[in-house]
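Bear in mind that the values here come from a model prediction, so they are computed numbers and not experimental data. For the numbers below, each heavy atom of this structure counts, side chains included, while hydrogens, waters and symmetry mates do not.
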Amino acid sequence: MSVGRTLLHTRSVEFRGFRREDGLWDIEGTLRDLRDYDTLVPEKEVLPAGSPVHHMEVTLTVDDQLEVQSVSTRMQATPFRTCAEIESSLRAMIGARMGPGWRHAVNERLGGTRSCTHLRELVVNMATAALQTIPTWHAQENKRRGLDPHAGTRPHYLGQCHAWRLDGPVVREHHPGFHQPLSLAGDKPAKE
């Protein structure tokens, strides 16, 4: 049985990765919150339906090692004027490296009232976009040139999801050198 529904709120989050002419990479994140009804917002009175409650954009410029070189933040719509006071807070991420410990680094540098919850959410998830952009582009370029796509190193995604589990058929077929068949106990990959 279908139940009628009324759309009230839409949060859209988008990430995009760019290769720059100077050899660096821009990873952009955008967050928008829209209400489908007029909303009373303390400092704006009535915010008309379809107007953004939040519209924030972050660009992290990183190098090939995924180290943050610079940060740009644009808070185009916020519920309070004071939100803009922390627009520059993300500069604390300069020098941090995306990879293991990234979420911890974000919380350590931007946690609590030092920044904005929504900006932190964007920055945490920008690491995934960076990993989809940079190592993937390099691997594709290596393949195109007839080289080992991963230059003999273990791809970052192995062991990070069900499809890429070390004992699974995808790793066995596409990265046999990193395949780890199940042990006789059947519960853990055998040690090589």
Side-chain angles (χ1 to χ4, degrees), residues 5-20 24-44 46-140 155-157 160-164:
R5 304 184 309 169
T6 301
L7 179 62
L8 299 176
H9 181 90
T10 300
R11 169 167 284 185
S12 62
V13 179
E14 180 179 46
F15 299 101
R16 300 178 344 149
F18 297 88
R19 181 172 177 237
R20 295 168 36 136
L24 297 175
W25 306 83
D26 282 340
I27 307 301
E28 291 183 351
T30 303
L31 178 146
R32 287 184 188 89
D33 280 319
L34 304 173
R35 305 258 168 81
D36 285 66
Y37 56 93
D38 293 347
T39 306
L40 296 175
V41 179
E43 292 184 8
K44 296 180 180 179
V46 176
L47 190 64
S51 299
V53 177
H54 297 108
H55 180 182
M56 303 169 177
E57 298 176 355
V58 174
T59 300
L60 298 180
T61 301
V62 301
D63 61 17
D64 279 341
Q65 291 72 45
L66 305 178
E67 183 177 311
V68 178
Q69 303 298 306
S70 67
V71 177
S72 170
T73 308
R74 295 165 302 285
M75 298 178 81
Q76 298 181 40
T78 60
F80 302 103
R81 286 182 295 277
T82 191
C83 294
E85 294 173 3
I86 53 81
E87 194 169 82
S88 65
S89 67
L90 270 61
R91 284 194 296 231
M93 295 310 299
I94 293 173
R97 186 177 178 276
M98 294 176 173
W102 175 250
R103 182 179 303 271
H104 176 75
V106 171
N107 288 331
E108 186 176 82
R109 295 172 188 222
L110 303 174
T113 59
R114 289 179 294 228
S115 189
C116 163
T117 299
H118 309 304
L119 292 178
R120 273 194 310 274
E121 289 174 12
L122 273 175
V123 171
V124 163
N125 290 294
M126 289 173 85
T128 302
L131 288 166
Q132 289 287 333
T133 301
I134 300 164
T136 301
W137 185 85
H138 283 302
Q140 291 299 311
H156 69 277
Y157 47 82
Q160 299 301 310
C161 78
H162 179 75
W164 287 113

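Considering every non-hydrogen atom in both Met98 and Ala130, the closest pair reads SD-CB, 3.3 Å. Contact detail for Ala129 and Ile27: the closest heavy-atom pair is CB-CG2, 3.9 Å. Contact record, Ser115 with Leu90: OG-CD1, 3.5 Å, taken as the closest heavy-atom pair.
Here the side chain of Arg32 pairs no donor or acceptor atom with the backbone of Pro52 at under 3.5 angstrom. A donor-acceptor contact shorter than 3.5 Å is absent between the side chain of Asp63 and the backbone of Leu24.
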Exercise for the section: Starting from the C-alpha separation in whole Å, work towards a yes-or-no answer on side chain to side chain contact (heavy atoms under 4.5 Å, CB included) for Trp102 and Val68. Expected result: CA-CA 11 Å; Trp102 175 250; Val68 178; 3.8 Å; yes

Practice task
Just do the side chain to side chain contact (heavy atoms under 4.5 Å, CB included) check on Val46 and Thr39 with the steps written out, would you?
Solution key: CA-CA 6 Å; Val46 176; Thr39 306; over 6 Å; no

Exercise for the section: Test Thr128 against Phe15 for side chain to side chain contact (heavy atoms under 4.5 Å, CB included), laying out the working first. Expected result: CA-CA 9 Å; Thr128 302; Phe15 299 101; over 6 Å; no

Exercise for the section: Begin with the C-alpha distance, continue with both residues' side-chain angles, and end with the deciding distance and a verdict on side chain to side chain contact (heavy atoms under 4.5 Å, CB included) for Leu119 and Ile86. Expected result: CA-CA 10 Å; Leu119 292 178; Ile86 53 81; 3.9 Å; yes

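Residues passing the ring pair (Phe, Tyr, Trp, His ring centres under 6.0 Å) test with Trp25, sequence neighbours excluded: Trp137, His138. Scanning for ring pair (Phe, Tyr, Trp, His ring centres under 6.0 Å) contacts around His55 gives an empty result, with sequence neighbours left out. Here Arg16 pairs with Glu28 under the salt bridge (Lys or Arg N to Asp or Glu O under 4.0 Å) rule; sequence neighbours left out.
Counting heavy atoms from C-beta on, the side chains of Arg35 and Leu47 never come closer than 4.5 Å. Between Asp36 and Leu8 the shortest side-chain heavy-atom distance does not fall below 4.5 Å. Within the 4.5 Å cutoff, the side chain of Cys83 has no heavy atoms near those of the Met56 side chain.
Atom CE of Met75 and atom OG of Ser88 lie 10.5 Å apart (nearest 0.5 Å). In this structure, the separation between NE2 on His54 and CG on Leu122 is 11.0 Å, given to the nearest 0.5 Å.
Side-chain contact of Thr59 with Ser72: a donor-acceptor pair under 3.5 Å is absent, judged by distance alone.
Residue pairs meeting the salt bridge (Lys or Arg N to Asp or Glu O under 4.0 Å) criterion with at least one member in residues 64-90, sequence neighbours excluded, are Glu43-Arg81, Glu57-Arg74. The salt bridge (Lys or Arg N to Asp or Glu O under 4.0 Å) analysis of residues 106-135, with sequence neighbours excluded, yields the pairs Arg11-Glu121. Applying the ring-ring contact (aromatic ring centres under 6.0 Å, His included) definition to pairs two or more places apart or across chains, none involves residues 78-97.
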